[in-house]
J.: 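Can you keep this structure in mind? I'll have questions shortly.
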Amino acid sequence: MMLGNKIQIPLLALLVIGTLLVLAKVMLEKMETAPPEPAAMLFPKTSAMLDSELDK
Amino acid sequence: MKISSLSVNSFKDVRFWLLALAATQAAVYLTILWKVDDSAHLGMSLLFLAAVVSLVGDKHQMQQLSLSSRPIPTLLGGLILAFVLVQTARFEFNHRLINNDFLRLIPIVSGFGLALVASGFKGLKVYKKELAILFFLGVPSVLVRYIADISPFTAWFSSSMLWYAGFNAYLNETYIILPPENAVNVYEGCSGIESMNYVLGLSIVSLAMFPLSSRLLSLVVPFIGIAIGFVVNAFRVCLLTLISNPENKAAFDYWHEGTGSLIFGLIAVVVYGAFYYLLLQIEERKNKNLSAES
């Protein structure tokens, strides 16, 4: 058995434990409430509103 | 491996640990996407990961997997996976996480690390299809953020479509104006880049799982996928322009941010699926004719 193969299982076991801990953290973490909705990426404006905006 | 056959010996089997690590890494990534409410990317990630699982499963059945690695690639892969874990643990769960570049890169970086631990440097060659799928799941959307904003082109294309359809639409920078009172501003998020990325990724998945015999077609298909994503989004922008007057606010919100916006993603996927299915049918017919002639 190659040395790489000998260290494979302990390394993988450590990583699995670490990932399970991170999974638990992610699941328990609460999302911060979002701030008020930003302006829509694509929003309706009347031509009159647009013209006055462009005039500025 | 059946659950009933799980025994102490399973823990000595490297396949068990690789499977456990891949499954837990995927669970962390999908949980984050679910928490940040990125339903479009969550759906696509599930599809792409299913494709990767299917390809690796096929290789396993055909005994093409060699799960042995030298110390250097094993340790390098371990370090990469540990780096992903540390970065993931440091995420702050707020609304900005949805735009986090590293979140999009997790699948390819983890896949790279897993391939190194599982099969060493030769693993990168063995799993090239799987790594290509994971690459196209997130990397193009990150790269494109720093390269170009195509929203002026989307606005021009959509206003041209409206004009050719007989509407009196005209363009002012990124504003599409449809007198008397309809107007929209095509921002970066509505440029269609996300839709193009998804269909591009989907084209890579389809080419990896159902390859075409023609090399030229295989090269062209991703570009056609990008074009389908762009054109379907342009139709969405046209629809939004047509309903963008103050009386239609509810309808506008539905097609802009609500379920309606997801329907256009679905349309792009269905159009691409039909196109690729047609290509496969044509190839099959050609091959049948060739074998009948010979």
Side-chain angles (χ1 to χ4, degrees), chain A, chain B residues 11-14 17-18 20-21 24-25 27-28 31-32 35-37 67-75 77-78 81-82 85 88-89 91-95 97 117-118 120 172 175 177-190 237 240 243-246 248-249 252-253 256-257:
Chain A
M1 191 187 259
M2 286 199 294
L3 181 63
N5 292 24
K6 277 182 190 164
I7 57 173
Q8 249 179 339
I9 290 177
L11 182 74
L12 284 167
L14 266 176
L15 286 166
V16 169
I17 293 164
T19 314
L20 283 171
L21 288 172
V22 173
L23 180 62
K25 182 182 180 289
V26 166
M27 289 183 96
L28 293 172
E29 200 89 42
K30 277 190 184 147
M31 274 293 282
E32 274 175 34
T33 46
E37 289 247 320
M41 288 177 281
L42 208 154
F43 57 92
K45 278 191 174 184
T46 64
S47 297
M49 280 161 71
L50 256 177
D51 287 342
S52 65
E53 224 175 68
L54 292 170
D55 286 343
K56 285 176 196 171
Chain B
F11 297 107
K12 293 176 188 166
D13 189 346
V14 76
W17 291 105
L18 281 168
L21 185 57
T24 46
Q25 291 256 341
V28 171
T31 307
I32 296 172
K35 281 222 157 183
V36 297
D37 209 16
L67 299 174
S68 62
S69 178
R70 289 180 180 278
I72 292 174
T74 305
L75 288 172
L81 290 164
L85 278 185
T88 311
F91 277 154
E92 282 175 28
F93 281 78
N94 53 37
H95 66 283
L97 188 56
V117 174
N172 194 322
Y175 284 96
I177 301 161
L178 184 65
E181 56 177 10
N182 292 30
V184 292
N185 185 6
V186 183
Y187 274 67
E188 200 179 339
C190 284
V237 174
L240 288 170
I243 60 170
S244 65
N245 51 49
N248 282 333
K249 181 137 188 2
F252 182 87
D253 288 343
H256 179 225
E257 285 171 336

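Remember, predicted model here, so these are calculated numbers, not experimental data. Just so we're on the same page: letters track the sequence lines, and every chain starts at 1.
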J.: Heavy atoms, side chains only, cut-off 4.5 Å: are B:F93 and A:V26 in contact?
T.: yes

J.: Just so I understand: if I count every heavy-atom pair under 4.5 Å between each of A:V16, A:L12, A:T19 and chain B, which residue has the most?
T.: A:T19

J.: For A:L21, I'd like to know if atom CG has over 12 heavy atoms of other residues, nucleotides or ligands within 6.0 Å.
T.: yes

J.: Any chance you could measure B:I32, atom CD1, to A:E29, atom CD, to the nearest 0.5 Å?
T.: 9.5 Å

J.: Go through the atoms of B:L97 and report whether side chain, backbone, both or neither lie under 4.5 Å from a heavy atom of chain A.
T.: neither

J.: Of all the heavy-atom pairs spanning A:L28 and B:K35, show the shortest one and how long it is.
T.: C-NZ, 4.2 Å

J.: Measure across A:Q8 and B:T74 and return the closest heavy-atom pair with its distance rounded to 0.1 Å.
T.: CG-CG2, 4.0 Å

J.: Picking from B:T24, B:L21, B:V28, what satisfies side-chain contact (heavy atoms from CB on, under 4.5 Å) with A:L20?
T.: B:T24

J.: Select one option (side chain, backbone, both, neither) describing which atoms of A:L23 are under 4.5 Å from chain B's heavy atoms.
T.: both

